[in-house]
Amino acid sequence: MKSESSASSKHESLPELKLELSKGRAEDTKADVLVVFATKKVEHKKSGKADKKAAASAKAVVEGLRTEITHDVMRLIGGSDEGAASSFSGGSGETLFFRQQGLGAARHLLVVGLGETKSFEIETLRQAAAHIMGQLKAQKCKAAAVNLDTVPHTAIPGDAWMQALVEGLHLSAYQFAEFKAADKSTAVENIHLVSTTRHKSLEKGLQAGEVIAEAVNFARFLGDMPGNRMTPTLLGEHAQKVAKGTKLKVSVWDKAKIKQEKMGSFLSVSLGSSQEPKFIVMEYKGAATSKKPIVFVGKGLTFDSGGISIKPSAGMEEMKYDMCGGAAVIATLAAIAKLKLKINAVGLVPATENMPGPSANKPGDIVIARNGKSIEVNNTDAEGRLILNDALCYACELDPAVILDAATLTGAMAVALGNLHTGYFTRHDKLATKIATAAGATGEWVWRMPLTDFHAKDMKGTYADLSNISSGKGAGSATAAAFLEQFVEKDIPWAHFDIAGTAWHTGDRWPYNPRKGASGVMVRTFVQFAMNE
Ligand code: BES
Ligand code: ZN
Ligand code: ZN
């Protein structure tokens, strides 16, 4: 085992999935499997006849290979009338694997359904990529050649669908293999993406997809690491490491500096732990200094025991994920820098443990935040807002164009929206529209939640300006957001994303996310938001 005190490289590295875009016919590419896409046939209501055109792309490829088994394959793909009765209809999520077909230069053939052409969207390919990877892993195939000419021709530009395909492949290849041997037998090593046309835009999509998926997988890795191996200090080291070779400037403030900067609320949360808190600042300058930055803020709670208001032990191990907001911010800044976006951006991550040590916050304690507001700590488990508030004060001082924060803030969020949607809170309608647009392009589901003066009123303190828990009943996520709002200057567009329900265990929803483990949620939306600016 490696030492606990460094952000060193992997325990046993998994062969990395290599993607290569080439010009030509996929059928001529040497690989274990040839992958072709098929769309769903549509029954014509009047004639009752199936639309043969819909399956045409896959059919044309297979027919073109002209072997004696082609007939069987065709029947199953549905290229003939008989096929209409076969179990494969080209629906999204359907796959057909033909072993040892000796078609073209590949040994096996994989047909992947995309659903009806008219409902084809970017997410269709991101998910199809997951089904490709699922089949390659199950059949223990190391190399595949994907025929991109079989992607339906629609109004969606080549770079956009290519990016989604590439994201889906890399996201599905992720395995957390730091502390036990990776399953190398199912690791896919090479995928050739082969097309006869549109090379410039496909290349663009490939590059963006690789950077973004790498960032998401990095955020997942940070989240999946256990609390003893992803302390605030180590999180800071990882932020510094990922910035190497980019234009990112990273500084990691220590406890003395945090104190000196009057982040009394953040500091108070760290006092119950023997791990030093860190404040991670990542700056990216891709535009003129006069251009206001987008500031991202992420909760970096590397382990949340609840503190003196300690959590029940069942499920407490999941609180290693309480830094997933911070991980998303670090990964977002890394991606922005690698994509060389022409914007200015800053990432801020207050990082600490929440532990019940002898100097820990006690219920009733009063702490003072950076903007001078006093806060009663009536529940030490509502600590996320006590570290984000100081970071938000600092964010406002950077004269930002917009502030976006991500945090595993409230269990109530997971109750309200489950693991499907990330709830977001903003009073700024224009910002809400921008968020919906960015998220819509990435396949991440977000849902706007209410934030009103009533919620803010519920957060007033008895002995101090504010209480860290609500005096009212219910709406725990909205009152938490209202608490954060007290630290954001009124004229600055700000949105808060509560990822408590979506930061881990989302593989039952999105086939390219791990069944168990961190999802890397919000990285794609945040990067897309930055791209749209
Ligand atoms: N990190 C938790 C929120 C959380 C809980 C995230 C479950 C994901 C799954 C947060 O620090 C917390 O404990 N919040 C409390 C707030 C309450 C005391 C007002 C909660 O949600 O119970
Ligand atoms: Zn907590
Ligand atoms: Zn927490």
Side-chain angles (χ1 to χ4, degrees), residues 223-224 227 230 232 235 265-266 268-273 275 277 297-328 349-356 360-365 375-389 391 405-423 425 449 455 458-461 466-484 496-506 516-519 521-522:
D224 285 337
M230 195 49 67
L235 190 63
S265 180
F266 170 30
S268 78
V269 173
S270 74
L271 298 177
S273 165
Q275 291 292 337
V297 179
K299 173 177 173 182
L301 221 297
T302 61
F303 188 77
D304 182 12
S305 71
I308 298 297
S309 315
I310 200 158
K311 287 182 180 292
S313 41
M316 201 204 270
E317 71 283 355
E318 294 200 337
M319 283 301 120
K320 69 170 184 175
Y321 294 119
D322 212 15
M323 34 59 70
C324 284
V349 180
T352 179
E353 285 185 342
N354 183 24
M355 297 290 280
N361 275 336
K362 303 171 293 299
D365 280 1
I375 306 154
E376 284 168 44
V377 182
N378 287 317
N379 187 320
T380 67
D381 196 12
E383 84 301 334
R385 58 198 81 181
L386 296 176
I387 73 171
L388 288 167
N389 56 357
D405 81 64
T408 45
L409 204 63
T410 63
M413 191 75 257
V415 173
L417 299 180
N419 67 350
L420 275 175
H421 298 82
T422 293
F425 301 78
M449 299 290 290
H455 299 116
D458 287 350
M459 299 308 289
K460 289 210 184 308
L466 296 164
S467 165
N468 77 329
I469 54 169
S470 169
S471 57
K473 277 214 172 100
S477 306
T479 50
F483 178 91
L484 295 180
H496 155 64
F497 294 76
D498 193 333
I499 58 170
T502 52
W504 66 92
H505 303 351
T506 58
K516 283 209 146 192
S519 62
V521 75
M522 291 331 289

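Whatever order the structure lists them in is the order used to number ligands and atoms, beginning at 1.
- Scanning Met323, Lys311, Met319 for the heavy atom closest to atom 9 (C) of ligand 1 points to Met319.
- Atom 20 (C) of ligand 1 has as its closest protein heavy atom Gly411 N, 3.9 Å.
- Scanning the protein heavy atoms around atom 15 (C) of ligand 1, the nearest turns out to be Asp381 O, 4.0 Å.
- Ligand 1 has at least one atom lying under 4.0 Å from a heavy atom of Lys299.
- Of all heavy-atom pairs between Ser467 and Ile375, the closest is C-CG2, 4.3 Å.
- Nearest protein heavy-atom contact of atom 17 (C) of ligand 1 is Ala382 CB, 4.3 Å.
- Short contacts between ligand 1 and Thr408, defined as distances under 4.0 Å to a heavy atom of the residue, involve ligand atoms 1 (N), 2 (C), 3 (C), 6 (C).
- Under the 4.5 Å side-chain criterion, counting only non-hydrogen atoms from C-beta, Asn361 is not in contact with Glu383.
- Looking at atom 2 (C) of ligand 1, its nearest protein heavy atom turns out to be Asp304 OD2, 3.6 Å.
- What you find for Ala360 and Met355 is that their closest heavy atoms are CB-O, 3.5 Å.
- Between Ser477 and Met413 the shortest heavy-atom distance is OG-N, 3.0 Å.
- For atom 14 (N) of ligand 1, the closest non-hydrogen atom of the protein is Leu409 O, 3.5 Å.
- Considering all non-hydrogen atoms of both residues, Gly223 and Cys324 come closest at CA-SG, 4.1 Å.
- With hydrogens and angles disregarded, a donor-acceptor distance shorter than 3.5 Å links the side chain of Asn468 to the backbone of Ala382.
- Side-chain N/O atoms of Asp322 and Thr408 include a donor and acceptor closer than 3.5 Å.
- Qualifying salt bridge (Lys or Arg N to Asp or Glu O under 4.0 Å) partners for Lys516, counting only residues two or more places apart in sequence or in other chains: none.
- Side-chain contact between Asn419 and His505: absent, with no pair of heavy atoms (C-beta onward) separated by less than 4.5 Å.
- Listed by number with element, the atoms of ligand 1 under 4.0 Å from a non-hydrogen atom of Arg385 are 16 (C), 19 (C).
- Atom 22 (O) of ligand 1 is not flagged as protein-proximal [any protein heavy atom, distance under 4.0 Å].
- Although no hydrogens or angles enter the test, the distance criterion places no donor-acceptor pair under 3.5 Å between the side chain of Asn354 and the main chain of Leu301.
- Which parts of ligand 1 touch Asp322 is read off a 4.0 Å heavy-atom cut-off, strictly below it: atoms 1 (N).
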Discussion item. Before you tell me yes or no, could you show the steps for Leu235 and Met323 under side-chain contact (heavy atoms from CB on, under 4.5 Å), namely the whole-Å CA-CA distance, both residues' side-chain angles and the distance that decides it to 0.1 Å?
Written reply: CA-CA 9 Å; Leu235 190 63; Met323 34 59 70; 4.2 Å; yes

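- Aromatic ring orientation, Tyr321 versus Trp504: parallel (interplanar angle below 30°, classes split at 30° and 60°).
- Counting heavy atoms from C-beta outward, Phe425 and Asp405 have side chains that stay 4.5 Å or more apart.
- Val349 approaches Gly300 most closely through the heavy-atom pair CG1-CA, 3.9 Å.
- For atom 18 (C) of ligand 1, the closest non-hydrogen atom on the protein side is Asn379 ND2, 3.4 Å.
- Residue Ala500 has at least one heavy-atom neighbour below 4.0 Å for each of these atoms of ligand 1: 6 (C), 8 (C).
- The distance from ligand 1 to the heavy atoms of Glu383 drops below 4.0 Å at these ligand atoms: 11 (O).
- Around the Zn ion (ligand 3), the protein contributes the following N, O or S atoms at distances under 2.8 Å: Lys299 NZ, Asp304 OD2, Asp322 OD2, Glu383 OE2.
- Atoms of ligand 1 found under 4.0 Å from any heavy atom of Trp504, numbered from 1 in the order shown, are 8 (C), 9 (C).
- Judged by the shortest distance from any of its heavy atoms, Met413 lies outside the 4.0 Å radius around the atoms of ligand 1.
- Those atoms of ligand 1 with a heavy atom of Ile469 less than 4.0 angstrom away are 19 (C).
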